[in-house]
Amino acid sequence: MNDDFQKFIDELLSRVPIAEIIGEKVKLQKRGREYMGLCPFHHEKTPSFTINESKGFYHCFGCGAHGNAIGFLMEKEGLPFMDAVKKLAARVGLTVPALSKEHQENIERRKSLYDIMDIAADFFEKNLYMPIGARGLDYFRNKRGLSDETIKKFRLGYAPNNNGLKAELASKGVSEQDMVDLGLITLPEDKAYAPRDFFRDRVMIPIMDKQNNVIAFGGRILGDGQPKYLNSPETPVFNKRRILYNMNNAREPAYAKKRLIICEGYMDVIALDSYNFNYAVAPLGTALTEEQIIEAWKVCPTPTLCFDGDGAGVKAAIRSVDRVLPILRAGYSVNYIFLKEKKDPDELLHSLGPDVFERYLQRAKPLVDILWHKCKMNKETETPEQKALIEKETFEEVAKIKDNQIRNYYMQEMKNRIYFTLRRGTQYKNQPSKNESAPAERPFARTPIKKRTYTAKSDTTYNLVKKPPLTDLFLRKIIAAMVIYPQLIKLYEDKLMAFEIDDSVMSKILSEIVEIGQEETETLDSNILLEKLKLNFKTEMENLWELNMYKLQKTSLPDLKNEINESLKEIQLKQINNDIKECMTLIKNNPSGSEETYARYQKLLEEKNKFLPNDE
């Protein structure tokens with residue numbers, strides 16, 4: 001920037017009423033010489049965002065956001081530098097001076113590169129709807145289940161295998177060097193061969209910056225070739241370490257809903273958007289970078305990282321921990337979800353629906369849990385030396401955190417987990433006490449299920465996990481499911497013994513179902529089961545609206561099994577968390593309490609860890 005232009009910028013900033021500019025986006029209150037309000041760059045309940053009118057800058061003591069009026073417009077409205085300058089200059093009646101020739105050339109050069117990328121995106125879009133792109137359109141519509149509206153929103157396209165893009169760009173006067181610089185064509189090592197399109201016979205996904213400029217492409221092959229995905233190389237307008245795919249669309253809804261999902265790939269993002277999860281982004285063919293995490297924090301203080309539940313997904317999550325720890329700061333972290341059954345978000349949404357994915361989001365695990373899992377996964381804990389190794393490596397991980405305050409809290413948390421999991425690691429056997437008889441083998445077979453109360457024999461002796469209660473609403477659903485698919489009876493009759501069931505009409509019906517299921521020697525028919533139940537529970541079965549709902553929706557057996565399993569896990573996890581809190585209260589009130597309390601706490605943590613990925 002030349003001296004004359006810098007003087008203009010200084011003059012502009014001195015005239016711009018920064019509090020007025022920001023006040024159009026943020027509700028401000030004057031306090032002394034400054035203004036304060038809720039930070040527009042992160043979620044907070046207590047104002048920590050200040051504006052110093054005399055010095056012309058804003059600063060947030062919560063997230064560290066800092067800048068002048070130009071920077072505010074660039075960040076909040078997604079404007080390029082010169083557009084923000086021109087907008088402010090027009091507001092205060094200043095004329096933007098002519099830039100130096102070199103600076104003007106750089107701006108024009110960058111603008112022309114954006115224009116070229118837009119031409120390429122238009123070319124791919126048009127080809128998708130032409131006969132040559134029929135396979136690509138079929139892939140998006142039928143294999144991925146995308147609507148034409150979604151295809152248009154993300155500007156999806158098709159790259160033919162005929163050097164058509166090179167010809168299209170050349171016809172519009174684009175030089176071959178610009179095509180090379182933007183990664184649109186590739187130069188063969190053998191000069192006897194002509195340059196070729198970089199993307200060939202692939203469906204195309206444009207990558208855009210926050211100003212909606214096309215800056216790169218991702219291409220997926222149609223068929224079994226390799227690589228499956230091919231991304232644009234680094235170019236003058238594309239730095240893959242800083243860009244998150246779809247941030248241009250996701251930024252506003254993510255900020256409004258305080259939610260941001262970071263997936264592994266383009267198609268996951270597009271699938272989530274088509275199911276109204278319009279706040280999903282993805283890294284660009286690389287592991288999540290520190291720069292991308294910081295970009296995510298600008299719109300959501302705790303984004304959720306979404307991984308497949310297989311071994312590769314867990315390894316990717318572990319790698320992300322190494323990226324996040326050094327840059328943690330107060331109020332900013334990440335959560336994790338792991339999709340079971342080796343499904344990615346696209347597959348899960350199509351097979352199980354958005355409600356299941358929403359439940360995953362609601363049960364996301366904090367970073368501290370994943371760090372602890374990383375430190376002890378695949379490690380033995382039988383000998384003192386093995387335990388010492390886990391402790392040593394855990395403290396080495398915590399030492400990566402640069403923020404002193406956060407590092408101290410993590411150290412305290414990890415010491416607690418090490419103490420209760422390793423140092424107080426006495427074996428705990430979940431057996432009935434001398435004064436308590438063992439439960440019946442089938443408490444709800446042939447007789448109504450009775451409520452069983454678990455009480456402590458002393459203030460520190462408990463069953464490992466108290467039986468979580470099942471609501472009548474859940475019982476109605478599982479009864480309806482068993483009537484439609486009687487094969488579910490054998491599958492769940494034992495599992496339900498782990499839950500507390502009130503002595504209600506629904507529990508009696510459940511007992512009847514189990515009894516009928518035991519008496520039938522051949523495959524039990526749904527209609528026969530329903531007729532037998534009506535002999536004693538006619539009114540109840542006729543009023544079981546869940547039965548008609550499942551029938552009308554033609555709910556499949558796998559969907560019902562998944563719905564039941566997810567609900568049971570959710571109920572169990574809630575009870576385990578309650579029991580852990582109960583233990584912690586006892587420990588807090590009586591730190592020198594009995595070994596049984598500490599042992600129970602340890603076992604409860606182990607039970608909870610079973611809900612972590614890759615522990616099954």
Side-chain angles (χ1 to χ4, degrees), residues 80 106 109-128 133 136 139-140 151 153-170 172 174-189 194-223 225-250 262-270 280-289 291-292 295:
N106 288 336
R109 164 71 171 161
R110 196 171 186 86
K111 184 177 178 181
S112 69
L113 295 180
Y114 289 143
D115 291 339
I116 294 169
M117 295 298 285
D118 196 63
I119 294 171
D122 282 341
F123 173 79
F124 294 140
E125 283 184 276
K126 291 174 183 176
N127 273 273
L128 183 67
Y139 172 82
F140 285 133
I151 292 172
K153 175 179 179 178
F154 289 93
R155 300 190 68 179
L156 305 180
Y158 172 74
N161 191 16
N162 60 6
N163 280 348
L165 177 61
K166 182 176 181 296
E168 174 76 5
L169 293 174
K172 296 185 179 298
V174 177
S175 71
E176 192 172 279
Q177 187 59 52
D178 281 347
M179 299 182 206
V180 172
D181 290 345
L182 290 170
L184 298 175
I185 67 172
T186 181
L187 298 175
E189 293 183 6
R196 302 182 63 191
D197 285 356
F198 184 74
F199 297 100
R200 301 184 298 277
D201 192 24
R202 291 176 180 267
V203 288
M204 300 298 294
I205 302 106
I207 300 163
M208 303 178 191
D209 62 15
K210 288 187 287 188
Q211 290 79 43
N212 288 314
N213 296 308
V214 179
I215 56 174
F217 293 96
R220 190 194 190 284
I221 197 166
L222 293 172
Q226 291 294 330
K228 181 188 291 187
Y229 282 95
L230 182 64
N231 297 311
S232 293
E234 297 272 328
T235 73
V237 296
F238 176 52
N239 181 334
K240 67 177 63 178
R241 290 185 59 83
R242 298 181 180 276
I243 297 295
L244 285 165
Y245 173 69
N246 194 47
M247 185 59 88
N248 57 310
N249 293 317
I262 303 180
C263 313
E264 294 189 70
Y266 309 118
M267 296 312 301
D268 295 329
V269 169
I270 296 171
V281 297
L284 304 171
T286 62
L288 192 65
T289 67
E291 293 92 337
Q292 290 167 336
E295 280 296 310

Residues Val269 and Ala282: closest non-hydrogen pair is CG2-CB, 3.7 Å
Is there a donor-acceptor pair closer than 3.5 Å between any side-chain N or O of Asn161 and the backbone N or O of Arg200? no
For Pro188 versus Pro195, what's the shortest heavy-atom pair and its separation? CD-CA, 3.8 Å
Between Tyr245 and Phe154, is the side-chain contact (heavy atoms from CB on, under 4.5 Å) condition met? List the steps. CA-CA 11 Å; Tyr245 173 69; Phe154 289 93; 3.4 Å; yes
Tell me whether Arg202 contacts the main-chain N or O of Gly136 through its side chain, where contact means a donor paired with an acceptor under 3.5 Å. no
Mind checking the CG-CG spacing from Leu169 to Leu182? Nearest 0.5 Å is all I need. 9.0 Å
When rounded to the nearest 0.5 angstrom, what is the spacing between OG1 in Thr235 and CG in Leu184? 8.5 Å
List the steps, then state whether salt bridge (charged side-chain N to carboxylate O under 4.0 Å, His left out) holds for Arg155 with Asp118. CA-CA 10 Å; Arg155 300 190 68 179; Asp118 196 63; 2.9 Å; yes
Student check: side-chain heavy atoms of Asn213 and Met117 closer than 4.5 Å: no
In Å, rounded to the nearest 0.5 Å, how long is the span from NZ of Lys172 to CG of Asp122? 8.5 Å
Shortest non-hydrogen separation from Ile215 to Tyr114 and the atoms involved: CG2-CE2, 3.8 Å
Value for CG (Asn249) from CD1 (Ile270), rounded to nearest 0.5 Å, stands at 10.0 Å
Assess the side chains of Tyr266 and Arg220: does a donor N or O sit below 3.5 Å from an acceptor N or O? no
Counting C-beta onward and ignoring hydrogens, is there a side-chain heavy-atom pair between Thr289 and Lys240 closer than 4.5 Å? no
Could you state the interatomic distance from CD (Glu168) to CG (Asn163), rounded to the nearest 0.5 Å? 13.0 Å
Heavy-atom closest contact (Ala250 atom, Val281 atom, distance): CB-CG1, 3.8 Å
Could you tell me whether the side chain of Val214 reaches within less than 4.5 Å of the side chain of Val237, counting heavy atoms only? no
Looking only at non-hydrogen atoms, find the nearest pair between Ala159 and Phe124 and report the distance. CB-CE2, 3.5 Å
Can you tell me how far apart CG (Leu156) and CE (Met204) are? Round to the nearest 0.5 Å. 10.5 Å
Quick one, Thr186 and Phe198 - any side-chain contact, counting heavy atoms below 4.5 Å? yes
Looking only at atom types and distance, does a side-chain atom of Asp197 sit under 3.5 Å from a main-chain N or O of Gly164, one as donor and one as acceptor? yes
Yes or no on side-chain contact (heavy atoms from CB on, under 4.5 Å) for Glu176 and Leu187, after CA distance, side-chain angles and deciding distance? CA-CA 10 Å; Glu176 192 172 279; Leu187 298 175; 4.2 Å; yes
If the test is side chain to side chain donor-acceptor pair (under 3.5 Å), which one of Gln292, Glu234, Glu291 qualifies with Arg241? Glu291
Is there side-chain contact between Asp201 and Tyr158, with at least one heavy-atom pair below 4.5 Å? yes
Please report the closest heavy-atom contact between Phe199 and Gly183, naming both atoms and the distance. CE1-O, 4.3 Å
Counting N and O atoms only, with roles assigned by atom type, does the side chain of Asp178 sit under 3.5 Å from a partner on the main chain of Leu113, one being a donor and the other an acceptor? no
